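Below: one structure, written as structure tokens.
Worth saying up front: this structure is predicted, and the values here are computed from it rather than measured. Letters A, B, ... mirror the listed sequences (proteins, then strands); counts begin at 1.
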Amino acid sequence: MKIATYNVNGVNGRLDVLLRWLAEDRPDVVCLQELKTPDDRFPRKAIEQVGYGAIWHGQKSWNGVAILARDAEPLLTRRGLPGDPDDTHSRYIEAAVNGLLIGCLYLPNGNPAPGPKFGYKLRWFERLQHYARELLDLDVPAMLVGDFNVMPTNLDVYAPERWRDDALFRPEVREAYAALVAQGWTDAIRHLHPDERIYTFWKYFRNAFARDAGLRIDHFLLSPTVAEWLVSATVRREVRSWEHTSDHAPVIIELDHV
DNA sequence: ATGTCTGATAGAATCAGA
């Protein structure tokens, strides 16, 4: 079973890229972030036509998350992260697919830091920690997947010293990520590749992709049961080289699980 | 500080967000 995450950076603006990638890789489940579309403009038909059922949680202009399942309908289990009824951002959606509980998330960017956006990021992280513990307590196969907007360690940044004060790398954020993982989650990419420089995002600026000036900010956190099934984790860097592409590359993990 | 994309508002060129 192959499960992917892809910050598509505009699901309508980059529909051609998304469909091309789906046709090439045919993952069983896809977690999408940054849809940037209201719910009624999600490209359901185009995605159905290439063989995927979908659920989504969009909003006008910004954010937005979706879960796709090949030849299946994801069973919606949650739309929106609990813990703040006043949070208007569409950043979390969750579904059961093939016996797995899959939480697809787009954690706030948080820049500039410090400031209100950074405060929102830290509060969102606290809510995620609280909810993630509830998921582990359920003791079902579960994963939290998506754009966490965090580089967990120096190994995940091409130039750590330049990012020290950025909202994606400040100590508070790295500590929040480490505390989340320490609940009992496995960071799939880092678990399989403990010493490798692996990036999932490259800015559009300054030819960052060609220079491999990247960041690892898209993550798979696996519950203990799912971690035992983990076979591989691959960044599909080639997709980042395509015309009109997202600034993120898709990431795919393979599970030895029917 | 720089740099480059998207979607919105508006009906061209700017802006926010990333």
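- Residues passing the ring-ring contact (aromatic ring centres under 6.0 Å, His included) test with A:His248 are A:Phe201, sequence neighbours excluded.
- Between B:dC5 and B:dA1, the two P atoms lie 22 Å apart (nearest whole Å).
- Cluster note: A:Leu22 groups with A:Tyr6, A:Val8, A:Val11, A:Leu15, A:Val17, A:Leu18, A:Leu19, A:Trp21, A:Val30, A:Leu32, A:Leu35, A:Phe42, A:Ile47, A:Val50, A:Tyr52, A:Trp56, A:Leu68, A:Val239, A:Trp242, A:Ile252 through ILVMFWY side-chain heavy atoms spaced under 4.5 Å, whether in direct contact or through intervening members.
- Using a 4.0 Å cut-off on heavy atoms, none of the residues of residues 121-128 of chain A approach DNA chain B.
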Problem - Footprint string (nucleotides 3-12 of chain B, 5' to 3'): B base within contact, S backbone only, - free, heavy atoms under 4.0 Å - result: BBSSSSS---

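- With sequence neighbours left out, the ring-ring contact (aromatic ring centres under 6.0 Å, His included) criterion links A:Phe220 to no other residue.
- Nucleotides B:dA12 and B:dA8, compared at atom C1', are 13 Å apart to the nearest Å.
- For the pair A:Leu222 and A:Trp185, the minimum side-chain heavy-atom distance is 4.5 Å or more.
- Using a 4.0 Å cutoff on non-hydrogen atoms, no part of residues 153-171 of chain A comes near DNA chain B.
- Here B:dA16 presents its C1' atom at 14 Å from CG of A:Asn111, a figure rounded to the nearest Å.
- Applying the salt bridge (charged side-chain N to carboxylate O under 4.0 Å, His left out) criterion to A:Glu175, with sequence neighbours excluded, gives no partner residue.
- In the hydrophobic clustering (ILVMFWY side chains linked at under 4.5 Å, chained through shared members), A:Leu155 stands by itself.
- The separation of B:dA16 from B:dA10, taken at their P atoms, amounts to 15 Å, rounded to a whole angstrom.
- Within the structure, salt bridge (charged side-chain N to carboxylate O under 4.0 Å, His left out) contacts touching residues 41-62 of chain A (residues at least two apart or in different chains) are A:Arg44-A:Glu48.
- Listed by chain and number, the residues in a ring-ring contact (aromatic ring centres under 6.0 Å, His included) with A:Phe118 amount to none (sequence neighbours excluded).
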Can you give the donor-acceptor pairs under 3.5 Å from side chains of residues 138-149 of chain A to other protein atoms, not counting sequence neighbours?
residue: A:Asp147; atom: OD1; partner: A:Asn149; partner atom: N; Å: 2.9
residue: A:Asp147; atom: OD2; partner: A:Asn7; partner atom: ND2; Å: 2.9
residue: A:Asn149; atom: ND2; partner: A:Leu107; partner atom: O; Å: 2.8

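- Comparing the C1' positions of B:dA18 and B:dG3 gives an interatomic distance of 12 Å, to the nearest angstrom.
- Within the nucleic acid shown, A:Phe209 has no heavy atom closer than 4.0 Å to any nucleic acid atom.
- With sequence neighbours left out, A:Ser241 forms a side-chain hydrogen bond (donor to acceptor under 3.5 Å, both in side chains) with no residue at all.
- A cation-pi arrangement is found for A:Arg174 relative to A:Phe169, the charged atom lying closer than 6.0 Å to the ring centre and inside a 45° cone about the ring normal.
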